Amino acid sequence: QKEVEQDPGPLSVPEGAIVSLNCTYSNSAFQYFMWYRQYSRKGPELLMYTYSSGNKEDGRFTAQVDKSSKYISLFIRDSQPSDSATYLCAMSAPPGNQFYFGTGTSLTVIP
Amino acid sequence: ETGVTQSPTHLIKTRGQQVTLRCSSQSGHNTVSWYQQALGQGPQFIFQYYREEENGRGNFPPRFSGLQFPNYSSELNVNALELDDSALYLCASSAGTGRSYNSPLHFGNGTRLTVT
């Protein structure tokens, strides 16, 4: 079983839709959770990071963590064609320095 | 603020050869990590360097080695290249103290290595 599971999609939505991206994990020691966006032929770009269970909002993006269910989500409101990319979840646990990534979900927002 | 830069952007090598990839960390960051991203997969941790020493290693064989320099730049060396080494190699920097599980990684755009 992989440490982090992520549905690869692809996911296709119309412009303006709310997008929900999800990851599950097996290691209860994970305490630090991140979301990255990766455009084609580019490196991953950090979108959000959070430590705790609950919601964290930044503009059109909301990161949600449910440690009891070992489940994290990223919501994108009012999705734009420029949001079309692959979204990677990542997580880590103390005292280590390794980040564990999901396989990524490919998102296309159709104008 | 200067971001993470990697060179070269693309590289084609033959099986059995050796390759060196280079990375300059983001200003203010003292820790460099290297990740391998195969097509359609998430990045996999190779190793991390802090204070010019290896500070953690993933499940990669010893033919993957690295260096960090006093200016925090870094190199990834791969010997005896195999076909399965074909991937995007990502360098990431972070501001850490050696236990950097809670310091977000900032990635470069990677080096695309093709082994034929």
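It should be emphasised that the depicted structure is a prediction, and the values quoted were computed from it without experimental measurement.
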Next on the checklist: Membership question, hydrophobic clusters at under 4.5 Å side-chain separation (ILVMFWY): are B/V32 and B/V19 in the same one?
Outcome noted: yes
Checklist outcome for this item: Heaviest contributor of heavy-atom pairs below 4.5 Å to chain B, chosen from A/S106, A/P8, A/A93, A/C89, is A/A93
Checklist entry - Is chain A contacted by the side chain of B/Y35, its backbone, both, or neither, given a heavy-atom distance below 4.5 Å? => result side chain
Checklist entry - Transitively linked via ILVMFWY side-chain contacts under 4.5 Å: B/L67 with B/F60? => result no
Checklist entry - Within residues 77-89 of chain B, which positions have a heavy-atom distance to chain A below 4.5 Å? => result B/L88
Checklist entry - Take atom CZ in B/R51; do more than 12 heavy atoms of anything else shown fall under 6.0 Å from it? => result no
Checklist entry - Most heavy-atom pairs under 4.5 angstrom with chain A, which of B/P43, B/A92, B/G56? => result B/P43
Checklist entry - Should side-chain heavy atoms under 4.5 Å link Ile, Leu, Val, Met, Phe, Trp and Tyr, which residues sit in the same cluster as A/I110? => result none
Checklist entry - Side-chain contact, heavy-atom cut-off 4.5 Å: A/N97 with B/F45? => result yes
Checklist entry - Is there side-chain contact between B/R57 and A/Q98, with heavy atoms separated by less than 4.5 Å? => result no
Checklist entry - By a 4.5 Å heavy-atom criterion (distance strictly below it), what part of A/Y39 contacts chain B: side chain, backbone, both, or neither? => result neither
Next on the checklist: With a 4.5 angstrom heavy-atom cut-off, is it the side chain or the backbone of A/F99 that approaches chain B, or both, or neither?
Outcome noted: both
Checklist entry - For A/Q38, is it the side chain, the backbone, both or neither that has a heavy atom under 4.5 Å from a heavy atom of chain B? => result side chain
Checklist entry - Side chain, backbone, both or neither: which part of B/S103 has a non-hydrogen atom closer than 4.5 Å to chain A? => result backbone
Item to check | Neighbours of chain A found in residues 105-115 of chain B - heavy atoms under 4.5 Å | outcome: B/L105, B/H106, B/F107, B/G108, B/N109
Checklist outcome for this item: d(B/Q41 CD, A/F101 CZ) to nearest 0.5 Å is 13.5 Å
Item to check | Cluster link B/W34 to B/V4, ILVMFWY, side chain under 4.5 Å | outcome: no
Checklist entry - For the hydrophobic clusters of this structure (ILVMFWY residues joined by side-chain heavy atoms under 4.5 Å, transitively), does one cluster hold both B/Y50 and B/I46? => result no
Next on the checklist: Running the 4.5 Å side-chain criterion over Ile, Leu, Val, Met, Phe, Trp and Tyr, what cluster does A/L47 land in, apart from itself?
Outcome noted: A/V4, A/L11, A/V13, A/V19, A/L21, A/Y25, A/F30, A/F33, A/W35, A/M48, A/F61, A/V65, A/I72, A/L74, A/I76, A/Y87, A/M91, A/Y100, A/L107, A/V109
Checklist entry - Looking at A/G104, A/G102, A/A90, A/P94, which one has more heavy-atom pairs under 4.5 Å with chain B than the rest? => result A/P94
Next on the checklist: At a 4.5 Å cut-off on heavy atoms, which part of B/Q37 comes close to chain A: side chain, backbone, both, or neither?
Outcome noted: side chain
